[in-house]
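Predicted model only: the values in this text are computed from it and were never measured.
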Amino acid sequence: MSIDTYIIYSLTLVILIVSFILDKKKTLKGLKKGAKSLLKLLRILVPLILIIGIMLVVINPDVISSALGENSGFLGYLFAFIVGSITFLPAFVSFPLGADLIEAGAGIPQVAGFLVTVMSVGVVYISAEVKYFSKKATIYRNLMSLIGAVLVVLIALVVF
């Protein structure tokens, strides 16, 4: 573990102790709520992480490199945008997946496009989003997110 991790854990422990000294009931109530939230989150995360891990083992680096590699060209970007738009993953799952993809031979601009779309474009949730917002707002938000992904890829192409 890095020094940053030790610092964060130490600060968390100190704050927890101070909170426990100031108000035991509220601290215990907060810890119970946190544990319940963690259990709910684990029900979603564990299968997701298992699926991603299995996919990374089954799909060899050559396939990833050809689909998302630096030499994949326009089709690589298109593939990254389509897969990212269809899937939806939270950031704390997406970023480690992006790092694994880069290690497996994917290009940085392609992975950047995938990460932006996987967290912002929600094709899977369009029907639910239309119920809470309007159809026009949903299409506009997804279109703006897709344009944002293209801009991120263009910036990544210039930088990398």
Side-chain angles (χ1 to χ4, degrees), residues 1-2 4-9 12 30-160:
M1 284 194 287
S2 69
D4 297 340
T5 306
Y6 287 116
I7 291 171
I8 290 172
Y9 285 160
T12 303
L31 288 171
K32 285 179 185 176
K33 280 188 174 185
K36 286 181 183 178
S37 295
L38 178 64
L39 288 175
K40 285 182 183 178
L41 193 61
L42 284 177
R43 292 181 196 152
I44 297 168
L45 279 182
V46 170
L48 236 143
I49 291 170
L50 286 173
I51 290 169
I52 290 169
I54 291 169
M55 283 176 52
L56 287 172
V57 168
V58 172
I59 300 173
N60 64 19
D62 294 333
V63 174
I64 293 172
S65 184
S66 66
L68 293 174
E70 292 179 16
N71 298 324
S72 63
F74 178 75
L75 290 177
Y77 300 114
L78 189 63
F79 180 72
F81 288 152
I82 290 171
V83 172
S85 296
I86 292 171
T87 11
F88 177 78
L89 299 172
F92 55 88
V93 175
S94 301
F95 291 135
L97 174 61
D100 289 342
L101 288 172
I102 289 170
E103 284 179 22
I108 292 174
Q110 289 85 344
V111 172
F114 169 74
L115 290 177
V116 172
T117 55
V118 83
M119 289 185 286
S120 63
V121 180
V123 172
V124 176
Y125 296 108
I126 282 181
S127 61
E129 194 173 338
V130 166
K131 289 180 183 177
Y132 291 102
F133 307 108
S134 67
K135 184 177 181 181
K136 182 180 176 181
T138 300
I139 291 170
Y140 180 71
R141 187 199 64 74
N142 281 292
L143 187 61
M144 290 292 102
S145 296
L146 194 57
I147 291 170
V150 171
L151 291 173
V152 166
V153 165
L154 292 174
I155 291 169
L157 280 169
V158 171
V159 173
F160 296 103

Just to verify, what does [X] make a side-chain contact (heavy atoms from CB on, under 4.5 Å) with, not counting sequence neighbours?
| X | result |
| --- | --- |
| Ala80 | Leu68, Phe114 |
| Ala99 | none |
| Ile82 | Leu78, Ile86 |
| Tyr6 | Met1 |

Please give me the minimum heavy-atom distance between [X] and [Y], naming the atom from each residue.
| X | Y | answer |
| --- | --- | --- |
| Thr117 | Gly113 | OG1-O, 2.9 Å |
| Ser145 | Val116 | O-CG1, 4.3 Å |
| Phe81 | Ala149 | CE2-CB, 3.8 Å |

Discussion item. Closer than 3.5 angstrom, by distance alone: can the side chain of Gln110 be matched with the main-chain N or O of Gly69 as a donor-acceptor pair?
Written reply: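 Yes; judged by distance alone, with no hydrogens or angles, the pair exists.
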Item to complete: Kindly determine whether Tyr140 and Lys135 satisfy side-chain contact (heavy atoms from CB on, under 4.5 Å), including the steps that lead there.
Response: CA-CA 8 Å; Tyr140 180 71; Lys135 184 177 181 181; over 6 Å; no
Which salt bridge (charged side-chain N to carboxylate O under 4.0 Å, His left out) pairs, counting each pair once, include a residue from [range], with sequence neighbours left out?
| range | answer |
| --- | --- |
| residues 142-156 | none |
| residues 33-50 | none |
| residues 104-133 | Glu129-Arg141 |
| residues 150-160 | none |

Worksheet item: For the atom pair CD1 (Ile102) and CG (Leu97), what is the distance rounded to the nearest 0.5 Å?
Response: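 One gets 10.0 Å once the value is rounded to the nearest 0.5 Å.
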Discussion item. What's the separation between atom CG in Asn142 and atom CD1 in Ile147, rounded to the nearest 0.5 Å?
Written reply: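 Rounded to the nearest 0.5 Å, the CG-CD1 separation comes out at 11.0 Å.
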Worksheet item: Pairs in or reaching into residues 148-160: which pass side-chain hydrogen bond (donor to acceptor under 3.5 Å, both in side chains), with residues at least two apart or in two chains?
Response: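 Sorted result for residues 148-160: empty, none.
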Could you give the side-chain donor-acceptor pairs of residues 151-160 under 3.5 Å, partners two or more places apart or in another chain?
none

Discussion item. Could you check whether any side-chain heavy atom of Ser72 comes within less than 4.5 Å of a side-chain heavy atom of Phe79, counting everything from C-beta outward?
Written reply: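 No, every pair of side-chain atoms sits at 4.5 Å or beyond.
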Discussion item. Going by the rule side chain to side chain donor-acceptor pair (under 3.5 Å), which residues pair with Thr138 if we only count those two or more places apart in sequence or in a different chain?
Written reply: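 Scan of Thr138 (side chain to side chain donor-acceptor pair (under 3.5 Å), adjacent residues dropped) gives none.
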Discussion item. According to side chain to side chain donor-acceptor pair (under 3.5 Å), who are the partners of Thr12, at least two apart in sequence or on a separate chain?
Written reply: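 Counting only residues at least two positions away or on another chain, Thr12 forms no side chain to side chain donor-acceptor pair (under 3.5 Å).
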